[in-house]
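Read the numbers this way: they start at 1 and go in the same order the structure lists the ligands and their atoms. What's counted below: heavy atoms across the whole structure, side chains too, no hydrogens, waters or symmetry copies.
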Amino acid sequence: MRTIIEPFRIKTVEPIYFNTKEQRARILENAFYNPFLIHSQDVLIDLLTDSGTSAMSSNQWAGIMKGDESYAGSPSFFHFSNTIQEITGMPFIIPTHQGRAAERILFEIMGGKGKYFVSNTLFDTTRANIEFSGAEGVDLICEEGRHPGIPADFKGNMDTAALEKFIIDKGAHTIPLVIITVTNNSGGGQPVSMQNIKEVRKICTQHQIPLFIDACRFAENAWFIKLREEGYAHKPIPEIVHELFSYADGCTMSAKKDAFANIGGFLAMHSEALALQCRNLLIITEGFPTYGGLAGRDLEAIAIGLKEVMEENYLQYRIRSIEYLTEKLVAAGVPVMRPGGGHAVYLDAKEFLPHIPVDQYPGQALACALYEEGGIRSVEIGSLMFGKYDSQEKLIPATLELVRLAIPRRVYTQSHIDYVAEVVIDVFKNRNLMQGLAIIEEAPALRHFTVKLKPIN
Ligand SMILES: *Cc1c(COP(=O)(O)O)cnc(C)c1O
């Protein structure tokens, strides 16, 4: 088989500013060993996130020029809303400035003390919005999803037996929603099978609990279903996507992911009553229901991006580029989550750095080493992001200690990815010299964004 090429040509370029390892060591120190605090111009390859970092197409840029900025009833809103109705089959579409704004509105209405939101794995902003409402978020990931090194087709699946047990234990009335995240971002960008979504739907219907999809990577998930699930190999992606959404009562979406937009999001749902409540909140904090905190041009870019993301040449290239990096790292013995996820490669920091205890944040230490060695910015997804303290102020660690190398959409070429593999492998060779980190300052919620650390010793 021939090389799968990037299915685009490059019309506009942005410079990468080079620096030396010595300079980067100083930059890291000044950023308190938190990659979020590094200036992006000091980064060579920025794999911090795939969120809002996509390259837009010439069609999307043309849409930006055509965007209609009317306060109410803009044609750009109807383009946006019709596109999402067509893709999801859901009639009520509410634009928001990004995914977490959709979450904030939804959980302010449905959340509250004594309630549980049950998921395969909640993303960090989703969990934070649930907890901010006073409710609790519960992750019920399938057994395969707990073992980063062991390959399986659908490691993002929900444990349906655990879901049934949880509903019976707590009572359906305490569970306002079940939420399936596709693909499972915090669980390694791993896909959820159609079969699993169907089973969850059945359980939800039995107990009269609505099912929502956190749809940020719906197209990447659909590609995995096409590749790996029986009966889908010959189905067009929009058909698979449509089926996936057909099992849900609603969805939240960040258009900064599978819509190739730099900003935006939405809520979509079947319930008119819920949509009314959501719109009432939207008007207070986001904007009028036909723009919801977005410019008309953003609505255009999102509408166009949502169609482009379902093109098969794109999805084949996208998923293959993640697999390509995964294969190179596996061949060098680097512990990574397998198989590759949809938008990112996840290094298993616990295995990478067995000599660094979890309360010294091995994932963060690894992320810092990748920056110092090669100017690669990544993010820890482990005990720094998800750790809690017990009553004795002792760390309750996360299940996994991962470092995510998120690949922005349509931004980097194969030689950039080759360089990333070389840097990771060099760090791996010198891993025994690496040290852990200690926190010197942290915020009460989403601490990883602003936390300050220092090396131990
Ligand atoms: C990014 C993301 C969100 C939040 O969206 P923002 O646009 O960043 O607010 C929610 N869920 C998942 C799975 C995500 O990846």
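- Under the 3.5 Å distance criterion, the side-chain polar atoms of Gln316 are left unmatched by any main-chain donor or acceptor of Ile319.
- Under the 4.0 angstrom criterion for non-hydrogen atoms, Cys216 is in contact with ligand 1.
- Judged purely by atom type and a 3.5 angstrom limit, Ser246 uses its side chain to pair as donor or acceptor with the backbone of Glu243.
- Close contacts of ligand 1 with Phe123, meaning ligand atoms under 4.0 Å from a residue heavy atom, involve 1 (C), 2 (C), 3 (C), 10 (C), 11 (N), 12 (C), 13 (C), 14 (C).
- The nearest protein atom to atom 4 (C) of ligand 1, hydrogens excluded, is given as Thr125 OG1, 3.4 Å; this is a heavy-atom distance.
- In this structure a side-chain-to-backbone donor-acceptor pair under 3.5 Å is missing from Gln414 to Ser321.
- A donor-acceptor pair under 3.5 Å is absent between the side-chain atoms of Asn120 and the main chain of Asn184, judged by distance alone.
- Salt bridge annotation for Glu164-Lys202: absent, with no cationic side-chain nitrogen under 4.0 angstrom from a carboxylate oxygen.
- Heavy atoms of Lys256 found under 4.0 angstrom from ligand 1 belong exclusively to the side chain.
- The distance from ligand 1 to the heavy atoms of Thr181 drops below 4.0 Å at these ligand atoms: 13 (C).
- In terms of polar-atom proximity, defined here as any N/O pair under 3.5 Å, Arg100 does make such a contact with ligand 1.
- For the pair Asp68 and Arg297, the salt-bridge criterion is not met [side-chain N within less than 4.0 Å of a carboxylate O].
- Partners of Phe117 by ring-ring contact (aromatic ring centres under 6.0 Å, His included), not counting sequence neighbours, listed by chain and number: Phe107.
- Nearest to atom 2 (C) of ligand 1 among the protein's heavy atoms is Lys257 NZ, 2.4 Å.
- Between the side chains of Thr183 and Asn221, not a single donor N or O lies within less than 3.5 Å of an accepting N or O.
- At a 3.5 angstrom cut-off on N or O pairs, Thr183 does not count as close to ligand 1.
- Shortest contact from atom 10 (C) of ligand 1 to any protein heavy atom: Glu103 OE2, 3.1 Å.
- Less than 4.0 angstrom separates some heavy atom of Asn185 from each of these atoms of ligand 1: 13 (C), 14 (C), 15 (O).
- When hydrogens are left out, the protein atom nearest atom 11 (N) of ligand 1 is Asp214 OD2, 2.7 Å; that is the closest non-hydrogen contact.
- Closest to atom 7 (O) of ligand 1 among all protein heavy atoms lies Ser254 OG, 2.6 Å.
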